[in-house]
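Below, read A as the first sequence line, B as the second, and so on, with proteins coming before strands; counting in each chain starts at 1.
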2 protein chains.
Amino acid sequence: MQVSLQALKAFESAARLGSFKLAAEELSLTPTAVSHHIGNLESRLNVSLFHRQGRRVSLTGTGSRLAKATSDGFRKIDNALEEVMKAGNAVRVTTTSSLAAMVLIPSQHEFEQANPDISIEISTGESVDSQSYIIPIRFGDVSFAKESDVIRTESFNIFGAHGVTPPSWSNETITIFTTEWKNKSLPDPPLADWLKKNELDWANIKLKKFDQELFGIQQAMAENGLVFCSTTLAERLLKANLLQQFETKTVKSDLCYYVPNKDSFETRSAVMFLNWIENILNR
Amino acid sequence: MQVSLQALKAFESAARLGSFKLAAEELSLTPTAVSHHIGNLESRLNVSLFHRQGRRVSLTGTGSRLAKATSDGFRKIDNALEEVMKAGNAVRVTTTSSLAAMVLIPSQHEFEQANPDISIEISTGESVDSQSYIIPIRFGDVSFAKESDVIRTESFNIFGAHGVTPPSWSNETITIFTTEWKNKSLPDPPLADWLKKNELDWANIKLKKFDQELFGIQQAMAENGLVFCSTTLAERLLKANLLQQFETKTVKSDLCYYVPNKDSFETRSAVMFLNWIENILNR
DNA sequence: ATTATAGATGAGTTTAGCGCATCTATAGGT
DNA sequence: ACCTATAGATGCGCTAAACTCATCTATAAT
């Protein structure tokens, strides 16, 4: 290399700020270092870049031409670096309200404790800017997702609020909260399968539908009722004794959570997060 | 600074060439150094920039985004640097054919010997691109030039080819080569003044005019004749005994050589050259 | 299978970059 | 007009960053 890049950086700063002292502050250096750098640059290029008017400096013609180019060049590089660093030290996730509220947000703290240098931003809703560096955890039909992208296949069961007495499936009329997705192309919750597997029928069952699993679960807890929902969402509440499960059997569904092109996330933080969330969901 | 510029430079090169080894060669480093730089970069940014496929590397998505920016940025800077360095290590001059042929070109070698790191390009003709970094040595009316720009005021005299017998001004008819500028706004050579100062008259004088002093001088030498020209151009030929001067007195003229905005040239080489040529012309 | 090559890794060495002390010139206040 | 405070220049010594060397691994080529 003919000239040092650090010298150019010092020059760029000094040129932009019109002062070696200010440049030194910006770069966390002493004015001495800046002076050395610029002197070095001038002698290597055989050009004077600043007019020295006693204790004041001003750019020469050549100096300002060079300053234009260095400023533009370094700005371009700095912007790209900032982008990359943002991506490297934070994880931005978007997903459904239900997964966010029931799993991600409650566990967020645990992850950030284990990885103090990585911060997580969780957003819900369809603001799929498809902006690079955002990790989308999608909810959908398992047959539409690449196998390697799937992080959790959904199983369903009936859960009851804490303290509710186990229902007697034959005698009384039972109200069950369940979900009817807004998006009609999604497979329905496998209630029919579940009844079959548990050798029950529709006779005494009354359904109450919400468009997000989250709402059914909350309603069940609020009204001491029953909810038919995914084990994924119920798990934490079971452990916390806010929900209970009965002697019923879990059924698989065609639903899953997946991250499109999961393996294309290259930042350390994204990789850490994806490993972690996959572990959380499947433990 | 968060990341080292040299590491970025190494990354840019490796990204562009697709190989650490080639990058190392380009930067005159060992592959080890490039590997260290890129590893360092990746760990500081918390991002992997290259996929390592055994002994082969390829950019990740993030890597190629960053590479785009760094390549653009460094290219911009490098181009500007090259411009400046060209200006710093070479002098480009344009001037009249006469000054070029009679003074600049014959002395060019001497300057380049004294300043081995500076090369001179001399061009004539009106290709005044007004391109930056070109030094124009103009020939014109002294009253039109800034005083500080003038590097030589012209004096004129009669000179004869080597071996020609001094003319007897009174008896015979004498042919004198002189100049009539193409550019009519230039002051004529001060032949009238010269005759007056030397107490001679037009009686026996026959003029032959060229549009450049150079031609008159060459013609005089070729035909053993006399030429009325500037001392500036004659000087070197006098020393070389190719021309001789007589007992006549020199007269000043309103003509001069000047360099517009002479003091605005900031490159070391331009400054060196200007000092040197001013010295040559006035010694 | 064997060899040659690209890159990774760790430790030792060199040098570029930086700060300190000192000096000069000047802007700004009294 | 003088004094003071400030910006920058310069020379020298130190340290951390950058580089190389030796060694190791994986893989492409033959």
Inset, instruction - Produce a footprint string for nucleotides 17-30 of chain C: one letter per nucleotide, 5' end first; B if the base is under 4.0 Å from any protein heavy atom, S if only the sugar-phosphate is, - if neither. - result: SSBBB---SBB---
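Checking the phosphate oxygens (OP1, OP2) of D:dG8, a side-chain nitrogen or oxygen of A:Ser19 falls inside 4.0 Å. Applying the 4.0 Å criterion to OP1 and OP2 of C:dG7, one finds that B:Ser35 has every side-chain N and O outside that range.
Atom CG of A:Leu41 and atom P of D:dA9 are 13 Å apart (whole Å). Between the NZ atom of A:Lys21 and the P atom of D:dG8 there is a distance of 9 Å, given to the nearest Å. Separating the CZ atom of A:Phe50 from the C1' atom of D:dA7 is a distance of 13 Å, rounded to the nearest angstrom. D:dA18 atom C1' lies 15 Å from atom CG of B:Leu8, rounded to whole Å. Counting to the nearest Å, the P atom of D:dC19 and the CD1 atom of B:Ile38 are 12 Å from each other. In this structure, CD of B:Glu42 is placed 14 Å from C1' of C:dT9, rounded to the nearest angstrom. Following rounding to the nearest Å, A:His51 (NE2) and D:dA9 (P) show an atom-to-atom distance of 14 Å. With rounding to whole Å, A:Phe20 atom CZ is found 13 Å from D:dA7 atom P.
Between its opening and closing five pairs, the helix from C:dA1-D:dT30 to C:dT30-D:dA1 changes axis direction by 50°, a value rounded to 10 degrees.
Taking the six-membered ring for Trp, B:Phe273 and B:Phe265 have ring centres at least 6.0 Å apart.
The minimum heavy-atom distance between A:Thr124 and A:Ser97, with the atom names listed, is CG2-CA, 3.9 Å. Nearest heavy-atom pair, A:Ser269 versus A:Val91, reported as atom, atom and distance to 0.1 Å: O-CG2, 3.6 Å. Minimum interatomic distance between B:Leu81 and A:Val3 (heavy atoms only, all atoms of both residues): CD1-CG2, 3.5 Å.
Counting only N and O atoms by type, the side chains of B:Thr231 and B:Arg152 include a donor and acceptor under 3.5 Å apart.
Within the structure, every pair that satisfies the salt bridge (charged side-chain N to carboxylate O under 4.0 Å, His left out) test and touches residues 17-42 of chain A, not counting sequence neighbours, is listed here: A:Arg16-A:Glu26, A:Lys21-A:Glu25, A:Glu42-A:Arg52.
A 4.5 Å side-chain heavy-atom check between B:Pro187 and B:Ser253 finds every atom pair outside the cut-off.
Aromatic ring orientation, A:Phe139 versus A:Tyr257: tilted (interplanar angle from 30° to 60°).
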Legend entry - Intermediate values then yes/no, side chain to side chain contact (heavy atoms under 4.5 Å, CB included), A:Gln2 and B:Met85: CA-CA 10 Å; A:Gln2 179 77 276; B:Met85 284 177 55; 3.2 Å; yes
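Among the protein residues, B:Val34 comes within range of no part of the nucleic acid, since none of its heavy atoms lies under 4.0 Å from any strand.
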